[in-house]
Protein chains: 2
Amino acid sequence: MAADAALTRAQILQAADDLFYAEGLASVSLDRIAARAGVTKKTVYYHFRSKDDLLGEYLQARRGPVLERYRNWAGTTGTVAERMRRMYRKLAEASADPNWRGCGFIRAACELAHLPGHPAAAVARLHKAEFETWLRSMLEEEGRSDSEPLARALLIILDGAIVETLIHRRRDYALAGGEAAIALLHGPVERQPAEKDVRTLAA
Amino acid sequence: MAADAALTRAQILQAADDLFYAEGLASVSLDRIAARAGVTKKTVYYHFRSKDDLLGEYLQARRGPVLERYRNWAGTTGTVAERMRRMYRKLAEASADPNWRGCGFIRAACELAHLPGHPAAAVARLHKAEFETWLRSMLEEEGRSDSEPLARALLIILDGAIVETLIHRRRDYALAGGEAAIALLHGPVERQPAEKDVRTLAA
DNA sequence: AAGTAAACTCACCGATGAGTGTAGCTGCAT
DNA sequence: ATGCAGCTACACTCATCGGTGAGTTTACTT
């Protein structure tokens, strides 16, 4: 074959994504990834320096798509509270899929907890920071003065909801997370200037 | 030696605890656990049916101590909000320890996400349910009418704070979780009857 | 047509994984 | 003392792991 180098690489990355997300990092071997990608293990090593390297690249490749999916779930209309409500609703839906396994970044971080310097751990950190930034920018658009702690709280609630949904395999926890997030947004600490702050979008 | 069977078993469990918590489930071999416990691998297999079995027993043995630690962190005086504040403060302290690796139950659940029927996964579920019950009972003691969703929200926030603290290795996230929890307790959804509800304890 | 470098395959390595067969040791009841 | 559990050690099996050596095919240059 030797099709295209970039294509082969993409196929390996796709196989890695499938298997790592489905079954975890340590318990998936490069043999299986190679087999799924339809290449030899040596070809994997041609494109990636090591398994750790592949791990990092796999997560890195997920960053964009994952953030984009949450953006879509949240939508771009209405208040942040409304967006969170939509987002958590979609999360609950997604978690019903038997192939759903929670957040790949969280799971990677958990599995690599003893290796804080691991490339994949660094990517997980990056992703979460990026997610928090996105939340904060939404809150700022809405004119929140306490957008920084609030964004962090929203991130914490989301991760907690995902983890609990994964542990119990019941979407109740996703929905409970959504309600907690909304309650916090309407809480006493906040100063939402005007509920009808629709200048965020030309819908 | 042949010391005492129960003692040997306890030593194996201790070694398993040390290693599983420090380095994860899949990446720790029974050879290493046996070596650390000062016994042969066969002895491990005399006391435990399999690695999966040992995993389950390890987590099971952690349930009591972990819950107790959080109870101590929270204390038994003051409002739930005050207890949460103490608890998160202690969590932030604990997370500064380089040997801290977050919540063993969460990490186990993440690593076993593809095996929902695994004994250790069941124990993790149990632990989280027990934790939620503890939170709810505290809220009920305080006379909260919405103790059920609130307890769930508090659990979600705690898990999220732990996970984020683990990912970023910065205790800011633990403290942010505490503030989120407190904000939620003082939120608009709540109906705390009287802020001076000290009948919870004869301090 | 010959050269060449990138892209890839096949067969293999040493190390280590979970799990076991067998035999020996210990204490305790008889 | 002796029989017999309970308990532990040594030495092993077989599968699989991450990673590699050496050679082959492809596509492009000249």
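A, B, ... follow the sequence lines: proteins, then strands. Residue 1 opens every chain.
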Pairs where residues 70-107 of chain B contributes a residue and the test ring-ring contact (aromatic ring centres under 6.0 Å, His included) is met, not counting sequence neighbours: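 Listed once each, the pairs are B/Tyr70-B/Trp73, B/Tyr70-B/Phe131, B/Phe105-B/His127.
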Inter- and intrachain pairs under ring-ring contact (aromatic ring centres under 6.0 Å, His included), touching residues 137-176 of chain B, at least two apart: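 Those involving residues 137-176 of chain B are B/His168-B/Tyr173.
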Close N or O pairs between protein and nucleotides 21-23 of chain C (under 3.5 Å):
residue, atom, partner, partner atom, Å
C/dG21, N7, B/Lys42, NZ, 2.9

Interatomic distance where CG belongs to B/Leu7 and P belongs to C/dT26 [whole Å]: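 Distance, rounded to whole Å: 17 Å.
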Residue A/Glu148 excluded, over 12 heavy atoms near CD under 6.0 Å: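 Check fails, neighbour count at 12 or below.
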Flag if over 12 foreign heavy atoms under 6.0 Å of CZ, B/Arg169: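 Check passes, neighbour count above 12.
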In chain order, what residues pass the side chain to side chain donor-acceptor pair (under 3.5 Å) check against [X], with sequence neighbours excluded?
X	answer
B/Gln14	B/Asp18
B/Glu93	none
B/Arg49	none
B/Glu130	B/Arg63

DNA chain D contacts among residues 45-55 of chain B, heavy-atom distance under 4.0 Å: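 B/Tyr46, B/His47 - these, ordered by number, are the residues of the stretch whose heavy atoms sit under 4.0 Å from the strand.
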Sub-4.0 Å heavy-atom contacts from residues 110-118 of chain B onto DNA chain D, ordered by number: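 Going residue by residue through residues 110-118 of chain B, none turns out to have a heavy atom under 4.0 Å of DNA chain D.
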Sequence-distant partners of B/Arg86, side chain to side chain contact (heavy atoms under 4.5 Å, CB included), two or more places apart: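 Expected list: B/Thr77, B/Arg83.
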Counterpart residues, side chain to side chain contact (heavy atoms under 4.5 Å, CB included), relative to A/Tyr45 (two or more places apart):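 Only A/Leu30, A/Lys41 meet the side chain to side chain contact (heavy atoms under 4.5 Å, CB included) criterion with A/Tyr45.
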Ring-face cation contact, B/Tyr21 with B/Arg107, 6.0 Å cut, 45° max: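 Geometry flag: set, cation within 6.0 Å and 45°.
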Main-chain N/O of B/Leu139 paired to B/Ser147 side chain as donor or acceptor, under 3.5 Å: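 No, B/Ser147 side chain to B/Leu139 backbone: no donor-acceptor pair under 3.5 Å.
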A/Thr8 vs C/dA7: side-chain N/O to OP1/OP2 distance below 4.0 Å: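 Answer no for this pair, as no side-chain N or O of A/Thr8 is under 4.0 Å from OP1 or OP2.
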Carboxylate-amine/guanidinium contact B/Glu179 A/Arg152, below 4.0 Å: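 A/Arg152 and B/Glu179: not salt-bridged.
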Nucleic acid contacts of residues 28-41 of chain B, taken as heavy-atom distances under 4.0 Å to DNA chain C: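 Within this stretch, B/Val28, B/Ser29, B/Leu30, B/Asp31, B/Lys41 sit under 4.0 Å of the strand.
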